[in-house]
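What follows is one structure encoded as structure tokens, with my remarks underneath.
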Amino acid sequence: MGSTSANDNGGLGRRKLIQRSAALGLLTVPTVGFLSGCASGDGDKNDEVKQGTKSAKNPLAVNESAPLDFVLFDGGFGQQYAKDAVKIYEKNFPKAKVKFHATQAIQTELQPRFNGGTPPDLIDNSGKEQMDMGALVGQNQLTDLTALLDAASYDDPNKKVRDTLRPGIVEMGQFEGSQVWMLYYAYTVYGVWYSKKLLDSLEVTYPETWDQMLAVCEKAKAKGIAAWTYAGVHPYYIPFTLFPMIAKRGGADVLKAIDNLEPNAWKHPAVKDCFEAYYELKKKGYVLDGTPGLDHIQSQTKWTEGKALFIPNGSWVENEASKTMPKDFDLAVGAPTGIDSSDKMPFGTLWASGGEPFIVPSKAKNKEGGMEQLRIMLSEASSKGFTQSVKSLSAFNGGTDGIDLTPGMKSVVATLEKAGTNVVNPRIGDWYTVLLKEKIGTAGLGEMMAGRLTPAETIKRIQGFADETAKDASIKKFKRQ
């Protein structure tokens, strides 16, 4: 799951319509019918460029004069890290013409190209218009990236690319079997973000139990500060903290059952406890007024202005909110607060995983070039450049030596160390994008946090959505082992 686009481009009205339709029980089909005709694209295999000569410096046998078409999602991480990597590609292959394009309208711009069999060579498939990964895999639209992973790393010819990656990155690109269909470039920590300066001013510490959370919320309210806000227009941000909280309460197998679309998975007592806890934030007036109508940028701005104490988000927020974040904000991230001492997993349990999924389409003309661009991006130098410029870790396992880490990054590293092995990685958003974003998020949790559904009603609705997906033969299914 990557960061959301910086502008809605008129999508707000559509999302509100979705919410209203859901509230009336009218939402019965996916709101984004991606790739309905994708499999019919008749891209000519002869259009593919011929491979170049394989060598130590060119382990993927890139055609040195073939054009490269690279489309980047223009979101919270910006464009510079990719542009810097493109310059290296152009230096290494001076005869190659690179077409680089950044956009927030990933699906709008690229669906016609997939349908026509002329997709780009490399795509950062992220944002609110992220193309459905399950559909892409199910319709054989992606290239297996095993060749990239088994190629020599950019920095060390004696080490494979796969051996330079953070734990879990390879597995996250797998949907079934050993093939790797996408490679997450960023390494994202999801959690409850806050200003340590503001929290300290309330003379409290970060809460570990829900009773402590409510006490902190009440203290903030007494000072005229809302305890929480979130991206109300994109309520699939709520699971960034709610999913790991559910795992903490009931154990990681609860999320496994949810990912696997098991019957009654959402009816687990841990889900009920956590939904009721979040609903309590709304009912007790601890959520910033107007939050359901705020997008991610607006909610982040209210938060950086000190109008709200906590916000669920990913580690891209330090870069994305930098324009409005005071220099003395002292950004920090906390693992989701639990219910009490009877939780199945310890405090510190969090969701940390890859972000910004990069893909190479199966009908791309220059697959080797697309993979080579990724190989360059996974070098130590490119990784350091990424971390320095966007204040986030990359998939490269390292790249922080010699860098002065920002407060947010220091907190990310400390939070990961605290979590240890207690890191969860829900896959439902990778496998069933529409289910997570439009149904679980918008039509379920968004309605609950706006006060239009009770937790019991929300659980019933979400379980219904999951059951519909499980029974839909047109949707390819995946399963965690």
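Since we're looking at a predicted model, the values are computed, not measured.
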Going by atom types alone, do [X] and [Y] pair a side-chain donor with an acceptor below 3.5 Å?
| X | Y | result |
| --- | --- | --- |
| Tyr184 | Asp430 | yes |
| Gln80 | Ser389 | no |
| Thr209 | Asp211 | no |
| Ser379 | Ser382 | yes |
| Ser353 | Trp351 | yes |
| Thr324 | Glu305 | no |
| Asn264 | Gln463 | no |
| Ser153 | Arg162 | no |
| Thr406 | Glu318 | yes |

Between [X] and [Y], does at least one N-O distance fall below 4.0 Å, as a salt bridge requires?
| X | Y | result |
| --- | --- | --- |
| Lys307 | Asp289 | no |
| Glu468 | Lys439 | yes |
| Lys272 | Glu276 | yes |
| Arg427 | Asp259 | no |

Suppose we call two aromatic rings close when their centres sit under 6.0 Å apart. Are [X] and [Y] close by that rule?
| X | Y | value |
| --- | --- | --- |
| Trp303 | Tyr230 | no |
| Trp228 | Tyr286 | no |
| Tyr278 | Trp210 | yes |

Atom [atom1] in [X], atom [atom2] in [Y]: separation rounded to 0.5 Å?
| X | Y | atom1 | atom2 | result |
| --- | --- | --- | --- | --- |
| Glu447 | Glu457 | CD | CD | 10.5 Å |
| Thr400 | Asp404 | OG1 | CG | 11.5 Å |
| Ile169 | Thr164 | CD1 | OG1 | 10.5 Å |

Take the angle between the ring planes of [X] and [Y] and call it parallel below 30°, perpendicular above 60°, tilted in between.
| X | Y | value |
| --- | --- | --- |
| Tyr237 | His296 | tilted |
| Phe243 | Trp266 | tilted |
| Phe70 | Phe100 | perpendicular |

Of the non-hydrogen atoms in [X] and [Y], which two are nearest, and what is the gap between them?
| X | Y | value |
| --- | --- | --- |
| Thr415 | Ala335 | CG2-N, 4.3 Å |
| Pro244 | Pro336 | CG-CG, 3.5 Å |
| Met131 | Thr433 | O-OG1, 4.5 Å |
| Leu198 | Ala308 | CD2-O, 4.2 Å |
| Val423 | Ala352 | CG1-O, 3.5 Å |
| Ala102 | Asp74 | CB-CB, 4.0 Å |

Counting only heavy atoms not in [X], do more than 12 fall under 6.0 Å of its [atom1]?
| X | atom1 | result |
| --- | --- | --- |
| Lys221 | NZ | yes |
| Lys197 | NZ | no |
| Lys418 | NZ | no |

Identified side-chain contact (heavy atoms from CB on, under 4.5 Å) counterpart of Trp181 within the set Leu145, Val137, Ile359:
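In the set Leu145, Val137, Ile359, the residue that makes a side-chain contact (heavy atoms from CB on, under 4.5 Å) with Trp181 is Val137.
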Would you sort out whether Leu142 and Val360 count as a side chain to side chain contact (heavy atoms under 4.5 Å, CB included), showing the intermediate values?
CA-CA 6 Å; Leu142 301 183; Val360 175; over 6 Å; no
Step by step, would you call Asp253 with Lys344 a salt bridge (charged side-chain N to carboxylate O under 4.0 Å, His left out)?
CA-CA 11 Å; Asp253 281 348; Lys344 298 294 185 183; over 6 Å; no
Are Arg375 and Tyr154 in a cation-pi setup, meaning NZ or CZ lies under 6.0 angstrom from the ring centre and within 45 degrees of the ring axis?
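No, Arg375 and Tyr154 do not form such a contact.
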Partner residues of Phe386 under the ring-ring contact (aromatic ring centres under 6.0 Å, His included) criterion, sequence neighbours left out:
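Partners of Phe386 under the ring-ring contact (aromatic ring centres under 6.0 Å, His included) test: Phe77, Tyr81, Tyr185.
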Please determine whether side chain to side chain contact (heavy atoms under 4.5 Å, CB included) holds for the pair Leu309 and Leu199, giving the CA-CA distance in whole Å, both sets of side-chain angles, and the decisive distance to 0.1 Å.
CA-CA 7 Å; Leu309 178 59; Leu199 189 70; 3.9 Å; yes
